[in-house]
Protein chains: 2
Amino acid sequence: MACSLGLDFGTSSVRALLLDLDSGREVAAADADYVHGTGGVIGAASDPDVARQHPLDWLQGLTVAVRAALRAAGPGFDPSSVIGIGTAGTGSTPVPVDRQGRALAEAPGLDHEPAALAWLWKDHTAHAEAAAIVGAVRSAQLPYLDPCGGTYSPEWFWAKVLHCARSAPAVFARAWSWVELCDFVPAWLCDARDPATLPRSVCAAGHKGMFGQDGFVGWPAAAFLGRLHPGLAELAGRLPPQACTADRRAGTLAPAIADQLGLVAGIPVAVGCLDAHAGAVGAGIGAGDLVKVIGTSSCDMAVARGDSAPASVAGIAGVVRGSILPGWIGYEAGQAAVGDLYAAAARLLSRSHDGLQRDAAGLAPGASGLLALDWQHGNRCVLMDQELSGLVLGLSLQTTPAELYRALLEATAFGARVIVDTLVAGGVPVRRIVACGGIAQKSPLLLQLHADVLDREIVVAGSTQASALGAAIFGAVAAGAFAAVGTAQVRLCPPLRAAYRPAARARAAYAELWPLYRTLHDAFGRGERLDLQSTMKRLLQLRSRCRAG
Amino acid sequence: MACSLGLDFGTSSVRALLLDLDSGREVAAADADYVHGTGGVIGAASDPDVARQHPLDWLQGLTVAVRAALRAAGPGFDPSSVIGIGTAGTGSTPVPVDRQGRALAEAPGLDHEPAALAWLWKDHTAHAEAAAIVGAVRSAQLPYLDPCGGTYSPEWFWAKVLHCARSAPAVFARAWSWVELCDFVPAWLCDARDPATLPRSVCAAGHKGMFGQDGFVGWPAAAFLGRLHPGLAELAGRLPPQACTADRRAGTLAPAIADQLGLVAGIPVAVGCLDAHAGAVGAGIGAGDLVKVIGTSSCDMAVARGDSAPASVAGIAGVVRGSILPGWIGYEAGQAAVGDLYAAAARLLSRSHDGLQRDAAGLAPGASGLLALDWQHGNRCVLMDQELSGLVLGLSLQTTPAELYRALLEATAFGARVIVDTLVAGGVPVRRIVACGGIAQKSPLLLQLHADVLDREIVVAGSTQASALGAAIFGAVAAGAFAAVGTAQVRLCPPLRAAYRPAARARAAYAELWPLYRTLHDAFGRGERLDLQSTMKRLLQLRSRCRAG
């Protein structure tokens, strides 16, 4: 038996998956929670935008998870059957490192300094810096934002680095370079941490890192970055000139790390990739598919190649060659908060998810009179604006917790529809929607709402751990077990599962709600001056009709 | 010692107050809860607009409350010292009655028929009928809506009666007439229930019943009403041609009722009045005062007389001669839900009021980033539109229950400011704001928020039971103990209490929030096409500044 080890670094925990490369069977899997912060996230009471993570949580967590997976595989399992390792992680989650590639937070004295930690994907402190980057690119008429839909997010690499340079110059000065989580871990596994040479994944570098492959090539010019901050120009000069796809080898497992993990030294370690991209691969993404990884946030991905593949799509922030499947253009959209939104609602309402889901499932579409915007954490697509907030319209004295919760679920489904419509309008074919990720597994209600709101069938990925599976697939390809990712997918991705089909009555209600959502979306998100009085009144009229049956 | 008995019929209970007419001292008071429905309100699961009440709850409740008050007055108290009775009650709360003035619901077989119950003030089923009335008045260019600010509410007499005629014709056919709660009770006390002759209070008849005193006089013309429904014309013909102020006698206490209550027969019973108007009197209303009775909803009242008293004010729904103080024009505005809104929020959030108030009081103004519209039960003033709903803007993943609760309190304070500004703009002087009512007593936070948002001092009425006190004052005047209401107020109203003054920092935050509230108000309430994107963004900017200190 030959196995691949897939590692998936989520927001709160890391998963290790041992995958049988002959059958695609899961041999064993184990999770390890991060120990710092709350659910792995280190925030700040004074600023809800702060979201940091301790890089040692990744290294200690993967050790715990891999050893647990090996134990779970049973005494008959031979660790030498593991022939490759792939890793996937959140991003953009850059961590400042020293000349040797060690995270600054690994050093005593800096381990409690927020700026020295990893800047988690959902850290939103770099508003002003994102705006400065956009302004600088536009005023210089440079093409750097073409793959980003014309804007730049505070969640991304250069904005975070610039925010550190401005707000924590002492920490910034101690950082010789910055490394994304998905590159940091393979380098550690290979004990080849020199930040000047460790491979950078195109998944993270492309668009989020403004690394160009078409139109412009490589990192932004030092002259441009230097205008933002001299330290940024210096950093760009220290980054390797290439970015790699995740089917390539980052290196081989170092002996000391192999001992620590209980694996055999020298096995290939793949270049890392973003967790969402790995999830799309694990969900079996191919031409015409839209894979929605629905977790704390959502990532919506499609691929295309050849002449029919548009090089950019208005409103889609991530168009990167090789980001999902090597050789294809990857299209990446997403929603800034999905599971996070439901968790926030459950906290706000002091209720359990299970009870809210059960009660919400029993409600008739349109009958609550509620309509919400899902921008509690900003809007990643198509507005690409973090400086937004959530809205609930249609509250009455009788509004129940389940109604409010359902309205938030519906809002995320409406947000998903905006993305699908935008992709299709931009020339990216969407013939099938595949859901995966934790929330997709846990909430049949949400998937049914997506089917009803999108008026499309939703199928569910066969794997409940698509990102870890995708990582294992990259590990297998990097190890030479398969010639290409597509070949590996055919063998290793389990068949798609339950399909959710639009229900007639719900379709009708959501067909009426959809233009009302669009009105709120365009009024609050785009500043269009629209008639909102009639929006409020149409909601009440729909409520009356839906309640009457 | 001479006493007056004040009866105050609220939404959920009735209060009896024995007032010493020499000192103004409260001799004793007692409450009795209504026994039907939930908190006295009989709703319908299928229709949140339904709010009915059983008229027997008033009669049985007042008996319980009066006897309890007499017991509480102690063995030394002589019931013959009670020389007059005044009553105040919610309205418009009409009840269908038979030829003898008995409520239809008093008859077996009809006591479970919703249409045969009293139609509680907050019943909102008569949307379509209110619209039909407005349409009919406008198309016929009649002056009937001049005292109502140009529109008519589903909460009011003719809309409710018309809705009954249309939706429950069998019940309607059995009703010889309809009587408001505040007229029903005095008639019962006097055992003079003939609906053709029992006195109708100008408090309820004026504007809510379209009874005119200036411009047009008396009830709407039968020809007009008949176009809406033949039964309405018939009803108008059966109503007495006058409406009376509450300082007049309705009659004298009937012997059988006196026995039942433990009082002396033959004492004067005053014409009834609306609870809010009585509250204003009990709070000591005079020239330049705005009295806010803050309970489940709010009623905001001012008085003026002479040449400086405007005969109508744009946006103010109730301008009625004699409705509050005999001889003065009463101006009545209000908010459709205040305490009801907080109760709904506490239910939605599964939290206690006490905890929410405590936590909300600790928050810094503007720091939540939230802004709400207080239209969960429609908007009574200045939009006079029931077909509206509540809205919350600015939600984040970190929004807490206390933040949401505080935003709703703030929304009602913003709604109060709209009313004050409208009165002042319309020529009604507001030199002092006096708060009374249950919520005003219970929530120092709310009063402080009103002071901060209105940027005015708020004083609190000396009595914690201003409506019952006002009713007792009317009872005393009707009994001849005082020559006029004003004279009685000087003797009987306790001095004003704690004043809330605007706090500098809060004023600044609310000065920024106020135009944002107005933007939401005018966009959703008036259909004005405004820039809401900048509203959303300004909220976030204010949040950042307020959090930074």
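Below, read A as the first sequence line, B as the second, and so on, with proteins coming before strands; counting in each chain starts at 1.
- Looking at A/Leu408, there are no atoms closer than 4.5 Å to chain B (heavy atoms on both sides), in backbone or side chain.
- Of the listed residues A/Thr400, A/Leu530, A/Leu348, the one with more heavy-atom pairs under 4.5 angstrom with chain B than any other is A/Leu348.
- Taking the six-membered ring for Trp and thresholds of 30 and 60 degrees, A/Trp121 and A/His377 have ring planes more than 60 degrees apart, a perpendicular arrangement.
- Using modelled atom types, one finds no donor on one side chain facing an acceptor on the other under 3.5 Å when comparing A/Tyr152 with A/Glu129.
- With a 4.5 Å cut-off on non-hydrogen atoms, A/Leu404 touches chain B through its side chain but not through its backbone.
- Aromatic rings from B/Trp514 and B/His521 are positioned such that their centres are separated by 6.0 Å or more.
- Looking at A/Gln398, the atoms closer than 4.5 Å to chain B (heavy atoms on both sides) all sit in the side chain, from C-beta outward.
- Heavy atoms of A/Arg351 lying under 4.5 Å from chain B belong exclusively to its side chain.
- Neither the backbone nor the side chain of A/Gln541 has a heavy atom closer than 4.5 Å to any heavy atom of chain B.
- If you measure heavy-atom distances from B/Leu383 to chain A, you find no contacts under 4.5 Å at all.
- By the 4.0 Å N-to-carboxylate-O rule, B/Arg518 lies close enough to B/Asp522 to be salt-bridged with it.
- Residues A/Gln386 and A/Ser153 have side chains that bring a donor and an acceptor to within less than 3.5 angstrom of each other.
- Remark: side-chain polar atoms of B/Gln533 are not paired, donor with acceptor, to backbone N or O of A/Ala523 under 3.5 angstrom.
- Judged by distance alone, with hydrogens and angles left aside, the side-chain atoms of B/Gln53 form no donor-acceptor pair with the main-chain N or O of B/Trp119 at under 3.5 Å.
- The choice from A/Leu397, A/Asp49, A/Leu539, A/Leu341 that makes the most heavy-atom pairs within less than 4.5 Å of chain B is A/Leu397.
- Remark: the A/Thr125 side chain and the A/Asp123 side chain contain an N/O donor-acceptor pair separated by less than 3.5 Å.
- Each of B/Gly369, B/Gly527, B/Ser544, B/Ala345 has some count of heavy-atom pairs under 4.5 Å with chain A, and the biggest count is that of B/Gly527.
- Heavy-atom pairs under 4.5 Å with chain B peak, among A/Ser350, A/Pro48, A/Ala548, at A/Pro48.
- Heavy-atom distances place both the backbone and the side chain of A/Leu349 under 4.5 Å from chain B.
- Atom CD of A/Gln357 sits about 3.5 Å away from atom OG of A/Ser443, to the nearest 0.5 Å.
- Contact count against chain B (heavy-atom pairs under 4.5 Å) is highest for A/Gly394 among A/Ala344, A/Ser534, A/Ala337, A/Gly394.
- Only the backbone of B/Glu528 comes within less than 4.5 Å of a heavy atom of chain A; no side-chain atom from C-beta onward does.
- Note: A/Val392 leads A/Val392, A/Asp47, A/Leu393, A/Leu371 in heavy-atom pairs under 4.5 Å with chain B.
- Annotation: maximal heavy-atom pairing with chain B below 4.5 Å, among A/Leu388, A/Asp340, A/Thr399, occurs at A/Leu388.
- Residue with the most contacts toward chain A among B/Gly378, B/Ala372, B/Gly525: B/Gly525 (heavy-atom pairs, distance under 4.5 Å).
- Remark: A/Thr151 OG1 to A/Asp385 CG distance equals 8.0 Å, nearest 0.5 Å.
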